[in-house]
Every structure is written in structure tokens, then in C-alpha cells.
Amino acid sequence: MKETEKKLSTDAYKGVRDFYPEDMAVQSYIFETWAETAESFGFDRYDASVLEPSELYKSKGAENEEMINEQTYTFTDRGDREVTLRPEMTPTVARMIAGRRRELSFPVRWYSIPNLFRYERAQRGRLREHWQLNADIFGTHDAMADVEIILLASAILKGFGAKDSDFEIFINNRGALNDLYAAHNLSPEQAATATAVIDRKRKMSEDEFKAALADAAGPDFALPTEAPESVQKILSALSALGVVNASYDPSIVRGFNYYTGTVFEIFDTHEDNRRALLGGGRYDNLTGLFGGEPIPGIGFGMGDVTMRDFLETHNLLPVTLGTKTQVMLILPDLSDGERAEKVAKELRDLGVNVAVDLSGKKLGDQIARADKRGIPYVITVGEQEEASGTYTLKKLADGGETKGTLTELANTLR
Ligand code: HAM
């Protein structure tokens, strides 16, 4: 490369993140808690490619204009096929469910942690690539599935240590709203505009909202104040199961057109983080895109960006997150390398996570490096130690030492 040539930036592409080890530790903690809680509810994990044929998002029923026209990363591949980086997982999982409709024994509970791509204006809580826990139940109209899905969402937040007062669950029913549109003789276009207005209610003042809603749906149209029966039923079941922070909210409509029944969102109650942590609902016709009888689905998506903001805002991230390396082997001299690699292998066979310091720095510096990386223990491996077969395990937090054979030390560490 010529000196005059412009050097590449070390920044990541706009709106996406690099995960340096300290960020990856947080990310892994979030994913592990998601996965463990979903599995404790009997959900099985699935995954798919980030690439989907663009038509998946354009077909009738899946259609969401803002998402498709303005927010997708779409390109034409070398074989002239139109391809989209998945902006959400629901069409993909509907495709997969429809593809195995004859083999699957419904209802099924599936979860996944896909990365999704949306061409959005990057801001707090909104990026161009995020990961999203998706948990969905397919193949039942029973309201207990709706209850179970909301219970899972709540259990996940509790699993991170959140209190009931840290978040609020808002529930509505898209079907009840559609009935209301019908009662007011709204055309599909008027209904869509009204839905978009209601979806933005939280971002407007009360007066602005009233004016916009009257514009879209006529002066007589108002949001109901009492929960429809379907929502009351879910609320009372949730309350019987110990969920005390759920309520009816007629302004929850969700942006996607595929929702047909229950819709819900969970919000952080903290002022600094007034964003939806997750959203979901019931969509009874999405698998119908692929032919055959529609298979009903209910589920939600919970994003990693808002999740991390939530955990940081409420001080819920464990302080011990970090390296999984338990021991660093310290070398009196770089020529002790082979000796140390043998010790490392023996310790790994005994189930210990070990790294070897190949920096060639002074002993004290090597210990300081291990400490800085958050590695809790060091063992010095020199000629003497090898000859005697006795090693010293040093705990960096308090300088405490334990002497013993590698097997004995490995037992202490487990
Ligand atoms: P969604 O409301 O678009 O729903 O996304 C769900 C959650 O993903 C949001 O509440 C937020 O936490 C996170 N999220 C969405 N977009 C972004 C972004 N650009 N940056 C960071 N986080 C984001 C869906 O995607 C539905 N497909 C969920 C679903 C599953 N419904 C039924 N099953």
C-alpha cells in the first residue's frame, strides 16, 4: 500500500457493533439466560440462514410496508435472485413450520436467537443489526398458549434479577381493534392509517394523538377503556400465576400486519430507558402463505440492545462477567514454554480452563497481566516445579497459596 493511500477505518459499519471480549461476555450472559429460561419452559432451539428470498416479506399477509420499503437490506445475487437479510424471524419460522407441517406434532414450542438487520437510523436502543430472542408456540388457538408466552417473557426478565416494578406488561387484542374498525365502517386503508397512529401514541402528546386519530378514523372514533374479554381472561390467568405487573393497554397495536389476536409489549419503567424491551402477539395466518390450512402461532421477540440497556439501567449485570480462563501459567523464562504447555494440557484434561503466558515478560508483569484480564489464579511453571511435581496455585485476589500436585490443584479449582 502506498503511503498516500487512505488508510481503512477501524470502526465497524454504521449501526452495527463489534463485540470485544468484555462486550461478548455480556452478550453471552444474555444469550445463556435467554436460552436457559426458554428451555426451562420446554422450548426447543432452531435456527436458519440470515439470507431469505425477498418475496418472503412481500407476500400478502406478511406485508409490512415501512419494513419492506425502507428498512430491509435487499440485493440481487449473481443468479439474479432478490435476496434480503432477514429483518425479523417470524416469517422464517413460519416458513420452517409450514415446511414440516406433516411431521410435527403440534403444538410445538420453538426458540431461536437470530441476528436481524434493519436499515434504521441508529440511536439508543435501535441499531442496524441486533440479536433477538424469538420464542413461539405453534398449532394452538388456546389462550393458555398466550398466557405461557407472556409468562416466559416475564420469567426471563425475572431470571436476570428484575423486580416486578422494573417493567410493565401491556396487553391488547388486535382482533378486538379490527372489530372496532368494522363497527366504524373504516376502509382497510383508513384502518391501517389509524393503526399506525395508535402505534405512535406514546411518542405524541395527548392532544396531538386525539387530532391524528380523528383525522385517520373520524371524530367519533375513540380507543376503548375496558379490556375485551379475551384480554381479561389472559390478565386473570397471569395474575393467578403471580404476574402482578400486567395490564390492558388499547394503544398496543404492534407494527406488523400479520397479528390477528393478542398483542403485547413489555416496557422498562425506568425513565432513562422508556423503550419496548420486547413485543409479540398472535398471528393465525402467517403459515397460510405457504399453502394448506393455516397453523396459528403466538410468540415474541426480545432484543439484545434494549436488554443490555435494561440490565445496565437497573444495575443487574453480574460483576463477575469476564474471562472464563481460570488459571494463567507463569513462565520464569520463555524457554519454559514446552514445560508449561504440558502442564496446561494436563490441567485441561482435568477440566480446568488454562492459558499460558507467552509474553516473555518479567514474573511480576506476567502476574499483573493475568490480574488485569480478570484471571483469578496463576501457577508458576519452572524446572523446579516440574522436577518436584508440586506446584503452587496462587489466588490473585488475596495472594493465598495452595501447594499440591496438578490433580490436587485441579480439584481445588472445581
Ligand atoms: P419487533 O417489535 O419488531 O417484533 O421487535 C421485537 C424487539 O426487538 C423490540 O421490542 C426490540 O427490543 C428489538 N428490536 C427491534 N428492532 C430493533 C433494532 N433495530 N435495534 C435493536 N433492537 C431492536 C418482531 O420482530 C416480531 N417478529 C416479534 C415476534 C415474534 N412476534 C411474534 N413472534
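Each residue takes its place number in the sequence, starting with 1. Since we're looking at a predicted model, the values are computed, not measured. One-based numbering, in listed order, for ligands and for the atoms of each.
- Every N/O-N/O distance between Tyr283 and ligand 1 stays at or above 3.5 Å.
- For atom 4 (O) of ligand 1, the choice among Met307, Arg254, Met302 with the nearest heavy atom turns out to be Arg254.
- Considering each of Glu265, Gln123, Arg118, the one bringing a non-hydrogen atom nearest atom 3 (O) of ligand 1 is Arg118.
- Nearest-residue assignment for atom 24 (C) of ligand 1 (options Phe256, Phe267, Phe300; heavy-atom criterion): Phe256.
- Closest approach of Glu148 and Ile137 over heavy atoms only: OE2-CD1, 3.9 Å.
- A donor-acceptor contact closer than 3.5 angstrom links the side chains of Arg124 and Asn273.
- Contact analysis puts Gly125 in contact with ligand 1, with a non-hydrogen atom separation below 4.0 angstrom.
- When only interatomic distances are considered, the shortest N/O to N/O separation between Leu127 and ligand 1 falls below 3.5 Å.
- Relative to the ring axis of Phe267, Arg275 does not place its NZ or CZ within 45° and under 6.0 Å from the centre.
- Of the heavy atoms in Leu116, none comes closer than 4.0 Å to ligand 1.
- Between Phe43 and Trp34, a ring centre-to-centre spacing not shorter than 6.0 Å is recorded.
- Between His270 and His314, the two ring planes are perpendicular [angle over 60°; tilted spans 30° to 60°].
- Counting heavy atoms under 4.0 Å from ligand 1, residue Leu278 touches it through the backbone alone.
- Checking only distances, Asn134 never comes within under 3.5 Å of ligand 1, N or O to N or O.
- Neither the backbone nor the side chain of Phe117 comes within 4.0 Å of ligand 1, counting heavy atoms alone.
- By the 30° and 60° cut-offs, the orientation of the rings of Trp110 relative to Phe138 is perpendicular.
- In this structure, Asp268 contributes its side chain and Arg274 its backbone to no donor-acceptor pair below 3.5 Å.
- Looking at Glu120 against ligand 1, only its side chain comes within 4.0 Å, counting heavy atoms.
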